[in-house]
Amino acid sequence: MNKITHYLIGSFFLLILLQGCDYNDYDNPPEEIGATDITTTHTIDQLKSMYTRGGKVIESDIIVSGKVISSDKEGNIYKSLVIQDETAGIEVKINSSGLYNYYKPGRVVYLHANNLKLGAYGGTVSIGSIPIDKNYENDFIPYPVMENYITKGRMETPIMPLSLTIPTLRKQYSNMLVKIEDVQFLASELSLSYADGKNNITQNRTLIDNKGNRLVVRTSGYARFAETKVAQGSGSITGILTYFNETAQLTIVKISDVQLDKPRF
Amino acid sequence: MSKLSRIIGVISLWILGILPVISQNLYLKGIVTDESTDEPVSFVTIIVSDYPNPIENGMDGAFVFNDLTEGIHSIQFIASGYESLIIEEEIISPGLDLGTIKLKPSQSRGLSDLMVMDLELDMESNIQDIAPLLTSSRDVFNNVASYSLSPVRFRQRGYEGKYSDVYLNGLKMNDMSSGNVIWSLWGGVNDATRNQENYFGLETGNFAFGNLGGVTNIITRASKFRPGSRLTYSMSNRTYTNRAMVTHATGIMDNGWSLALSVSRRWGEGGYVNGVFYDAWGYFLALEKKLNEKHSVAFTAVGTPTERGVPNGSTQEVYDLVGSNFYNSNIGYQNGEKWRNARVRDNHEPIMLLNHYWDFNVDTKLTTSIGYRFGYNGYSAMNWYDAPDPRPDYYRNLPSYYDNEGKFDQGNEVREMWYSDPNTRYINWDRLYNVNYENDETITDENGNILAQGKRSKYVIEDRRNDQKQINAAMVFNTKLTEIIKLDAGINYRKNTTANFNKIKDLLGGDYWLDIDQFAERDFAYDKDIIQSDLRNPNRIVREGDTYSHNYDAHIQDYKLWATATANLFKVDAYAGFEIGNSSFYRTGNYQKGLFPDNSYGDSEKKSFTEFAGKIGGTYKISGRHYLTANAGYIENAPNFKDAFISPRTRNTLVDNLKTEKIASADINYLIRSPFAKGRVTAYYTRIMDQTNIMSFYDDYYRSFGNYMMTNIDKDHMGVELGVELKLSPTFTAEGMLGYGEYKYASNPNYVQTVDNTEEILEEAKVYWKDFRVEGTPMSVGSLGISYNSPNYWFIGIKGNYFGNSYISMNPVLRTDRARQQLDPEYIDQERFGSGFTLDAFAGLSYRIQYKYFLGINISANNLLDRKDMKSGGYEQLRVNVDRDTNELRRPFDKRYFYMFGRNFFFNINFRF
């Protein structure tokens, strides 16, 4: 073989061997911190009071902000994001499970209400998408467009729950995080679990304080803790306060918020 | 016997050709050379009409036949890499010396490489089989069909890929779990695999019994490689972009050793489809030592470490939203830098063979072979736990999900996102990482001990591994029992262990993953044991590189004994053959699954099946130019491992009533072989019975994951084929082919549907799809081409192709009683893909430099008309929307399609010396 071929082979081998590729090498993307420069136009309370009978479509660039207090991680909350500011709390209806992956309790979020609709169910105002079904005043916001309406702000410390007693619960605290002290489940319920997890049936349990006041604890049959026996002792319980017409009820976000470990009264 | 009857007897025997004609022992000899180099060409197969056996010429190009009869004979020269040549000569006593026969190097060499790499296009669906396409086949129909029709996934006679066998030096290389041919095992070292014997249909060579769709034997004996070196560079815009190959072969050296070596590299970011990167190497080594005149020993090693991104088929709605039929939903743009593909194939499965060739004499030889195959094969995918589905074309992320409920405003909002937001159209990798970054979680066991702390990944990339170890052993004996009867026989054995398991490939910014079954958790959240993937390692914390989720071994083995006898008479050839054997398999679970604690760990029951096959056929030589052949065969095949277990990932439960599938097939052919025309007309009929198939999917009606086992699947394949090649002049050649077939389901299979989580039987009934079509291949095809071969070693050609009558892969659920009652009739019909026409062109030249060096260039352009709207395949998804209120089936999920690439090209340059 003469020199030309030698060179050809050599350069050919080089061409082959030098072709290392990094097609499948990736850098980790940066952490998203969250927006800080968004100005709100209304408080949550002001937004809720815009509600009119039958529902109210928001047609201007209204922006409210609140901290996330709900989490669907333990399965008791579904397709809803509850946010709370100093004035009130509101449920945002979103058509997705696993919302806690994006919006953890303590995260500040900005809600852009334009093109959303305030609607009431059982007397409680929530905000969601404009519905086609006349049976409901608002619908769930589609997951693919969720970020058009909700902007993530910074992660801050989770909200301190309002310390209340059963008699001091009020509709103005609807969809806010509350903590009730010195309560226990009815003795007749101590053998039951929070809900029927085997058949996925939502059930109510009743808390009683030492004055005999009662409060409903409503748990979904899909909650992870549905089959867990109700806490047997007395103590405090934290949850989201909701109202179904005149009835107050508590929604447990996570089972560790139920701290009924002191002796019963 | 009376005198008259004796005369009649002799005359009839003579007519039948059994009684030999008077003059024989005439010779025919010559030397075969390469027309462009004048160098001798060896390993040429030379067939003479009226002569029983083809012969192969020697290293010096010379050949000789010694017992020919007087008269005009058709003489055919076939050599891989060269165009076959047919001449007709009259042979008169004492014989004929043809002198030098010049063969023209084959022009379509580059195109065959193109075919192999296209077959590696992968997809997530039931349609996995792709029949092997035969390169440099002797058959006109095959040749023409292969090159032009692979873009529309043409399968000759509609046969699934598992009915074609591929051998490497006499050892069967089909995948033992599925029966399919895995071309990627030696893809890329095309120079090394060019030497092939190809047979389509029931006829076969002398190295195996054969199979319904034919056999290919790739010969990698170092002594069979033409000596010399070759450098190749190719470029294309189809799947890989660039390829470079270096090959060197010594031929038989004075010390009796031969060596052949090839190294290749393929790389690129993909042509038509984004994110389909290709990063592959290939190596090949063949060594052979001629021990003496009778014995040779050969060694072969081949491997093709490959990493490549894979495309996906989407629904028409998605293709229209994105504005391209080549959208790939497997990808996303990570960190603003480049496309990242969630589905990457990563494999390296080297094969090593040892062969011993013992030539007792010119008529008898014994070949003993042993091979070993090992390595790893991974296919990555996203996995997620309790988090929104990250796939961009997940049905709830599409406008149709909202439109179907009448929520048109919401649908339009989502549509706008598809138009404007790349993070909606593609995987939003940055967001997946951020979900993991934010998910600080501590995992404790029942006693409060901390098992893991830190970021628990909600999204990961897992690697789905199928790592095989296989031993093949075979002995093949070829001999001539008498002057006219030859015998080919053999025994072979294969044993395979495939490890099936998942590994965490990338934690996507998180620190660990908790290994529990999230689907079991959905139904049984309260039971800590049921949700375990492995009760022997509860709450396993896994990190990158750790095995998790499922882990089992498939053990498969088979052994066979076969023999074929061939009688070559004057006017008639006939053969008969049989094969008997046994196939057995069992599963070994390595994880004790919480859902099936008694039925998942350890060995399953061992299943064993006896298989029998027989075939018979013959050729009637009407004249030296015209032949009539017929073949008939019956084959039994044991079920594949993957169709025998209801849910092999989770448990040892076998499908009830496993049966062997049975095939009966017959074909009749008329062939013409003359210097001016080569052609074949065929009619065939094949019936396949008792196939099984298992599918797994989420059933919206029962709201659970289920397994669907179908048995008693029967199919009919019948049709006609016509292939013809005409030498219009010394320079113009025309070729054409026509195929018309009907491939139908011939029975209404039984099915059993079970819940994956509990094994509870949900329903058992029939699938009513008799007379629906077999999917995935055009049943009507045609092609017409003309080429010009200049005496100055350049060529140009153009070819038009037609294809039609290709049907979609069906969802059997849509053809059950319930579906027929509840669904709109349009969903029961089976979609037929549109027919189409494509135009291909090719050209090339061969240039001689300084006497010893050759430069070859060829280029081919396919789909010149740039049609991008022709479906090449597709499947009906297995999910059906259910009306929540009435619990009735409402509408099936949209079908997914694959489209044929638009105009594409392949350029190849090689340098030989």
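All chains are named by letter (A, B, ...) in the order of the sequence lines, taking the proteins before the strands, and each is independently numbered beginning at 1.
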Return yes when atom NZ of A/K56 has more than 12 non-hydrogen atoms of other residues, nucleotides or ligands closer than 6.0 Å, and no otherwise.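 No, not enclosed.
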
Identified side chain to side chain contact (heavy atoms under 4.5 Å, CB included) partner of B/Q410 from the options A/I132, A/I141, A/D139, A/V145: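 Among A/I132, A/I141, A/D139, A/V145, the one meeting side chain to side chain contact (heavy atoms under 4.5 Å, CB included) with B/Q410 is A/D139.
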
What are the two closest non-hydrogen atoms of A/N148 and B/M417, and how far apart are they?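 That would be ND2-SD, 3.3 Å.
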
Which answer fits B/Y459, side chain, backbone, both or neither, if we ask what part of it has an atom under 4.5 Å from a heavy atom of chain A?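 Side chain only.
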
Using a cut-off of under 4.5 Å for heavy-atom pairs, which of B/A387, B/G275, B/G309 has the most such pairs with chain A?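 Option with the greatest count: B/A387.
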
Is chain A contacted by the side chain of B/N436, its backbone, both, or neither, given a heavy-atom distance below 4.5 Å?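 No part of B/N436 comes within 4.5 Å of chain A.
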
Counting only non-hydrogen atoms closer than 4.5 Å, does A/N200 touch chain B with its backbone (N, CA, C, O), its side chain (CB onward), both, or neither?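 Neither the backbone nor the side chain of A/N200 comes within 4.5 Å of chain B.
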
Looking at B/E416, B/H248, B/R522, B/K407, which has the largest count of heavy-atom pairs under 4.5 Å with chain A?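 Heavy-atom pair counts peak at B/K407.
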
Heavy-atom neighbours of B/Y437 OH exceed 12 at 6.0 Å: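 Counting other residues, nucleotides and ligands, OH of B/Y437 exceeds 12 neighbours.
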
Looking only at heavy atoms, what is the nearest atom pair of B/E438 and A/Y102, with distance?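 Minimum heavy-atom separation between B/E438 and A/Y102: OE1-O, 4.0 Å.
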
Measure the CH2-CG distance between B/W429 and A/N28 for me, rounded to the nearest 0.5 Å.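 Between B/W429 CH2 and A/N28 CG, I get 12.0 Å after rounding to 0.5 Å.
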
Counting heavy-atom pairs closer than 4.5 Å to chain A, which one of B/D386, B/N397, B/L398 comes out on top?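 With the most close heavy-atom pairs to chain A, the winner is B/D386.
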
Heavy-atom side-chain contact between A/N101 and B/W384 under 4.5 Å: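 Side chain of A/N101 against side chain of B/W384, heavy atoms only: no contact under 4.5 Å found.
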
Heavy-atom proximity to chain A below 4.5 Å, by part of B/V435: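 Both backbone and side chain.
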
To the nearest 0.5 Å, what is the distance between OH (B/Y402) and CZ (A/F140)?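 Between B/Y402 OH and A/F140 CZ, I get 11.5 Å after rounding to 0.5 Å.
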
Should we count CG of B/D421 as having more than 12 external heavy atoms under 6.0 Å?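 Yes, CG of B/D421 has more than 12 neighbouring heavy atoms, counting only those of other groups under 6.0 Å.
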
Counting neighbours of OH on A/Y78 that are heavy atoms of other residues, nucleotides or ligands and sit closer than 6.0 Å, is the number greater than 12?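 No, because the 6.0 Å sphere around OH of A/Y78 holds 12 heavy atoms or fewer from other groups.
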
Rounded distance [0.5 Å steps], OH in A/Y26 versus CD in B/E337: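 These two atoms lie 10.0 Å from each other.
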
Heavy-atom closest contact (A/Y143 atom, B/P388 atom, distance):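 Closest heavy-atom pair between A/Y143 and B/P388: OH-CB, 3.6 Å.
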
Cation-pi geometry met for A/K198 and B/F524 (6.0 Å, 45°):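 Ring-cation test returns no.
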
Please flag which part of A/D72 lies under 4.5 Å from any non-hydrogen atom of chain B: side chain, backbone, both or neither.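 Contact with chain B: none, neither part.
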
Out of A/G197, A/S97, A/P30, return the one with the most heavy atom pairs under 4.5 angstrom to chain B.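 Highest number of pairs under 4.5 Å: A/P30.
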
Does the distance from a Lys or Arg side-chain N to an Asp or Glu carboxylate O, for B/R431 and A/E32, drop under 4.0 Å?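 Not counted as a salt bridge, because no side-chain N and carboxylate O are separated by less than 4.0 Å.
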
By a 4.5 Å heavy-atom criterion (distance strictly below it), what part of B/Q334 contacts chain A: side chain, backbone, both, or neither?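 When you check distances to chain A, only side chain atoms of B/Q334 fall under 4.5 Å.
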
Search all heavy atoms of B/V414 against all heavy atoms of A/P142 and return the closest pair with its distance.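 Taking every non-hydrogen atom into account, CG2-CB, 4.0 Å.
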
Can you tell me which portion of B/W339 sits under 4.5 Å from chain A's heavy atoms? Options are side chain, backbone, both or neither.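 Contact with chain A: backbone only.
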
Beyond-backbone contact of A/D133 with B/E405, side-chain heavy atoms, under 4.5 angstrom: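 Not touching, per the 4.5 Å side-chain cut-off.
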
Choice from B/E521, B/K338, B/R396 maximising heavy atom contacts with chain A below 4.5 Å: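 Most pairs with chain A among the choices: B/K338.
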
Could you check whether atom OH of A/Y121 has more than 12 heavy atoms from other residues, nucleotides or ligands sitting under 6.0 Å from it?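 Atom OH in A/Y121 is not crowded, with 12 or fewer foreign heavy atoms closer than 6.0 Å.
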
Engaged part of A/F225 at the chain B interface, taking heavy atoms whose separation is under 4.5 Å: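 Neither part.
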
